[in-house]
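First up is the structure itself, then whatever we jot down about it.
Quick caveat: nothing in here was measured; it's all calculated off a predicted structure.
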Amino acid sequence: EEATVTCLVKASHDVIGFHVVHDKTKFNVEAAADRKFEAGVAEQAFKITASKGAVGEVRCMADVQEDFFETSVDRITVAILDVSVSPGGKRNVGESVAMSALVTYDNRLKVHFSWTKDGKILKAISASEDPVTIDGSQFFKSEVSFESVSWDDEGKYSLMVKVSDAAGNAGLEKGLQSELTVHGFRRQPSNEDGRTHVVYTGEDEVKLTCSYQGLDESESLLWVDESDKTFYEDWQTSELEDGITTSILQLKEWPEGLNGIAKLRCAVFKGEELQATSDGITLESHEYEIQMGPDVNAMLGEDAKLTCMASSPEKLKHPPTMTWFKKNTASEDKDIFLEDGEHFITNNKLDGTWLVSTLTIAEADQNDIGEYYCKAQYDKPAYIEISGEDL
């Protein structure tokens with residue numbers, strides 16, 4: 001699709017540099033006709049070609065301030081355009097950015113560009129003494145570019161332009177300024193330990209966090225699933241501090257109807273329109289089935305062996321940690337954790353899709369009478385009773 005934009009500027013004479021600024025990289029702009037100058041008005045038409053349905057802001061720029069100086073030939077008006085960030089001053093982390101300044105080209109002029117960032121001189125710049133043609137007009141051009149913009153590149157950029165004649169006589173000096181704002185994910189999704197593959201066991205709550213810098217008032221940060229649909233919005237909270245929005249997803253239970261694995265990420269929305277997405281995080285459920293072996297009868301002074309088995313729907317891709325406890329019937333205190341040692345000895349062995357845990361009680365005595373159980377990833381306990389004629 002094509003459209004024509006005509007720029008009109010009142011000027012005392014026809015030495016004006018026109019430039020069309022737009023916020024869409026898919027726009028192609030070129031001069032549609034020769035520039036006209038009649039009755040103190042400079043006119044330039046531009047043809048804009050864009051893909052179907054593309055929408056963006058287009059505006060003409062021309063420096064109408066009469067910065068000029070005398071040369072040996074005649075008076076020259078120099079048009080200096082503002083510093084522009086292509087395609088805009090707000091950029092995502094990792095994107096390429098080019099900041100450029102343009103001065104109307106004339107072969108009788110010499111132009112010197114000096115860049116600073118937050119008051120510090122920049123050395124990594126490119127400047128062209130030969131004319132560059134942009135949208136049908138010729139310019140001196142200087143550019144600061146970043147292949148992958150980072151947080152350190154954010155700041156105020158200033159440019160001092162000095163123009164002299166061919167003999168080196170200074171003619172004018174002008175300062176320009178622009179600001180580059182970087183936005184993006186400050187923290188990619190992870191749990192409190194920084195992990196991106198989190199196993200949900202059903203015992204403890206899972207807290208997932210991501211953060212984003214640079215949201216405007218119309219944007220929101222939400223957790224979404226693989227299809228970019230909001231994931232249990234009631235479980236999400238957000239807070240804003242120093243320009244950084246942090247979103248927290250807290251799981252108190254495994255969502256009903258969800259299979260054993262969920263792939264989630266954070267997303268920036270403007271209304272219902274998706275603007276940006278983070279890296280992904282995998283949340284995996286392992287609610288192991290626990291089966292206890294038979295009750296055990298043991299003789300005083302003999303070893304007693306108890307067994308417990310845990311299964312996993314994922315065929316023990318992530319085998320559980322097996323721990324043994326003795327039920328505390330003497331008081332309401334917590335049950336007794338049986339730490340491996342000389343008296344209590346545990347041995348775990350994989351058997352297909354089962355993990356078999358054996359607890360050996362060495363030289364059992366009367367203090368060992370009671371109920372024992374094991375846990376797999378701290379799942380619901382199953383009980384076993386040990387008894388005997390001599391115990």
Practice problem: Kindly indicate whether the side chain of F146, heavy atoms from C-beta on, has any atom under 4.5 Å from the side chain of E95. | Solution: no
Quiz item: Do V149 and L215 share a hydrophobic cluster, counting only Ile, Leu, Val, Met, Phe, Trp and Tyr and linking them when any side-chain heavy atoms are less than 4.5 Å apart?
Solution: no
Self-check item: Geometric cation-pi criterion K327 and Y372, 6.0 Å radius, 45° cone
Solution: no
Quiz item: How long is the span from the CD1 atom in I121 to the OG1 atom in T116, to the nearest 0.5 Å?
Solution: 8.0 Å
Practice problem: Identify the two heavy atoms, one from L221 and one from Y212, that lie closest to each other, and give their separation to 0.1 Å. | Solution: CD2-CB, 3.9 Å
Exercise. Indicate, with yes or no, if F337 and I345 share a hydrophobic cluster defined by side-chain heavy-atom contacts under 4.5 Å among Ile, Leu, Val, Met, Phe, Trp and Tyr.
Key: no
Practice problem: Decide side-chain contact (heavy atoms from CB on, under 4.5 Å) for M292 and C308; before the verdict, give the C-alpha distance in whole Å, the side-chain angles of both, and the deciding distance to 0.1 Å. | Solution: CA-CA 4 Å; M292 300 302 298; C308 168; 3.7 Å; yes
Quiz item: Any side-chain heavy atom of I248 within less than 4.5 Å of one from L208?
Solution: no
Quiz item: Are C210 and W223 close enough that some pair of their side-chain heavy atoms sits under 4.5 Å apart?
Solution: yes
Quiz item: Any idea which heavy atoms bring W254 and I261 closest together, and the distance?
Solution: CZ2-N, 4.3 Å
Practice problem: Answer whether the closest heavy-atom distance between the side chains of E284 and H197 falls below 4.5 Å. | Solution: yes
Quiz item: Should the ring pair F231 and W235 be called parallel, tilted or perpendicular, given that the plane angle runs from 0 to 90° and is split at 30 and 60?
Solution: perpendicular
Quiz item: Given L359 and L338, is the side-chain contact (heavy atoms from CB on, under 4.5 Å) satisfied, shown in steps?
Solution: CA-CA 9 Å; L359 172 67; L338 304 180; 3.7 Å; yes
Quiz item: Side chains of L306 and T358: does their closest heavy-atom pair fall under 4.5 Å?
Solution: no
All N/O donor-acceptor pairs, side-chain side in residues 268-279, below 3.5 Å, sequence neighbours left out:
unit_1 : atom_1 : unit_2 : atom_2 : d
S278   : OG     : C266   : N      : 2.9
S278   : OG     : C266   : O      : 3.3

Quiz prompt | CD-NZ distance between E226 and K263, expressed to the nearest 0.5 angstrom | solution = 6.5 Å
Self-check item: Where T245 and S238 come nearest, the two heavy atoms and their spacing
Solution: CG2-CB, 4.5 Å
Could you tabulate the donor-acceptor pairs under 3.5 Å formed by side-chain atoms of residues 153-161, not counting sequence neighbours?
unit_1 : atom_1 : unit_2 : atom_2 : d
D153   : OD2    : S150   : N      : 2.9
D153   : OD2    : S150   : OG     : 3.3
E154   : OE2    : V182   : N      : 2.8
Y157   : OH     : D153   : O      : 2.6
S158   : OG     : Q177   : NE2    : 3.1

Self-check item: Donor-acceptor under 3.5 Å (D225 side chain, S227 main chain)
Solution: yes
Self-check item: Interatomic spacing from CZ in F344 to OG1 in T346 - rounded to 0.5 Å
Solution: 11.5 Å
Quiz item: Can you check whether K207's main-chain N or O pairs, donor with acceptor, with N191's side chain at less than 3.5 Å?
Solution: no
Quiz item: Would you say K326's side chain and I369's backbone share a donor-acceptor pair under 3.5 angstrom?
Solution: yes
Quiz item: Does D303 use its side chain to pair, donor to acceptor, with the backbone of E363 at less than 3.5 Å?
Solution: yes
Quiz item: Tell me, do K229 and V224 make a side-chain contact under 4.5 Å, heavy atoms counted?
Solution: no
Exercise. Report the C-alpha distance between K375 and M322 in whole Å, list the side-chain angles of each, state the deciding distance to 0.1 Å, and finish with yes or no for side-chain contact (heavy atoms from CB on, under 4.5 Å).
Key: CA-CA 6 Å; K375 285 186 177 181; M322 306 294 285; over 6 Å; no
Quiz item: Counting only N and O atoms by type, is there a donor-acceptor contact under 3.5 Å from the side chain of D216 to the main-chain atoms of E219?
Solution: yes
Quiz item: Would you say K117 has more than 12 foreign heavy atoms packed within less than 6.0 Å of its NZ?
Solution: yes
Quiz item: At their closest point, which heavy atom of A101 faces which heavy atom of F113, and how far apart are they?
Solution: O-CE2, 4.3 Å
Exercise. Working to the nearest 0.5 Å, report the span between CG of D335 and CD of E371.
Key: 9.5 Å
Quiz prompt | Interatomic distance, H343 atom NE2 to T360 atom OG1 [nearest 0.5 angstrom] | solution = 11.0 Å
Exercise. Test side-chain contact (heavy atoms from CB on, under 4.5 Å) on D228 and R265 and set out the steps.
Key: CA-CA 8 Å; D228 293 327; R265 58 183 177 177; 2.7 Å; yes
Exercise. State the CG-CE distance between N348 and M309, to the nearest 0.5 angstrom.
Key: 13.0 Å
Exercise. Check whether any side-chain heavy atom of L264 lies under 4.5 Å from a side-chain heavy atom of L249, and answer yes or no.
Key: yes
Quiz prompt | For the student: nearest non-hydrogen atoms of D365 and L300, plus distance | solution = CA-CD1, 3.8 Å
Practice problem: Compare all side-chain heavy atoms of Q236 with those of L222 and state whether any distance is below 4.5 angstrom. | Solution: yes
Practice problem: Determine the minimum heavy-atom distance between I281 and S190, stating which atoms define it. | Solution: CD1-CA, 3.7 Å
